[in-house]
Amino acid sequence: PLVVGDTRAFTATVLDGAQRPLPDRVAAWNSSVPGVATIGATGLLTAVAPGTTRITASVGGRESGFDVQVRPATAQLTVTGDPTNLGGTL
């Protein structure tokens, strides 16, 4: 799963009947729940909020897709200082 704030780049390859790439065909990207993740025309996905969304790429009336799960970002705590001088209590 992705976490809020992550980005990922996706590509869609369109193939002809003989499974040869058709590089002149450009996919249109869509997110079913843009409040969870957005995806731009170039396939760059940005995780916006926790949840699940379906990402689809479509060309010429055909589409393919996948689900994306976004989790909350986790907080990190870093403690610095001299470990030999712990004169207090945490």
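Contacts of D67 classified as salt bridge (Lys or Arg N to Asp or Glu O under 4.0 Å), with partners at least two apart in sequence or in another chain: R54. Shown here are the side-chain hydrogen bond (donor to acceptor under 3.5 Å, both in side chains) partners of S31, two or more places apart in sequence or in another chain: T53. In this structure P21 satisfies the side chain to side chain contact (heavy atoms under 4.5 Å, CB included) test together with T13, L15, sequence neighbours excluded. When the side chain to side chain contact (heavy atoms under 4.5 Å, CB included) test is applied to P72, the partners found at least two apart in sequence or on another chain are P50. Looking at residues two or more places apart in sequence or on another chain, you find a salt bridge (Lys or Arg N to Asp or Glu O under 4.0 Å) between R20 and D16.
Hydrophobic cluster of V3: no remaining members, since no ILVMFWY side chain lies below 4.5 Å from it. Under the 4.5 angstrom side-chain criterion for Ile, Leu, Val, Met, Phe, Trp and Tyr, V48 has no cluster partners at all. Through direct or relayed side-chain contacts under 4.5 Å between Ile, Leu, Val, Met, Phe, Trp and Tyr, V14 connects to L22, V59.
To the nearest 0.5 Å, the span separating OG1 on T38 from CG on N30 amounts to 11.0 Å.
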Practice task
Give the C-alpha distance, both sets of side-chain angles, the deciding distance and a yes or no for side-chain contact (heavy atoms from CB on, under 4.5 Å) between V70 and V4.
Solution key: CA-CA 6 Å; V70 178; V4 173; 3.9 Å; yes
Practice task
Using the side-chain contact (heavy atoms from CB on, under 4.5 Å) rule, take Q69 and L2 through it: C-alpha gap first, then chi angles, then the decisive distance, then the call.
Solution key: CA-CA 6 Å; Q69 183 179 19; L2 300 173; over 6 Å; no
Handout entry: Derivation and outcome, side-chain contact (heavy atoms from CB on, under 4.5 Å), residues I55 and L45
Key = CA-CA 9 Å; I55 302 298; L45 181 141; 3.6 Å; yes
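For residues 37-52, the set of pairs meeting the salt bridge (Lys or Arg N to Asp or Glu O under 4.0 Å) definition, not counting sequence neighbours, is empty. Identified under the salt bridge (Lys or Arg N to Asp or Glu O under 4.0 Å) test for residues 27-42, with sequence neighbours left out: none. Identified under the ring-ring contact (aromatic ring centres under 6.0 Å, His included) test for residues 12-71, with sequence neighbours left out: F10-F66.
Here the shortest heavy-atom pairing between A57 and A27 reads CB-CB, 4.0 Å.
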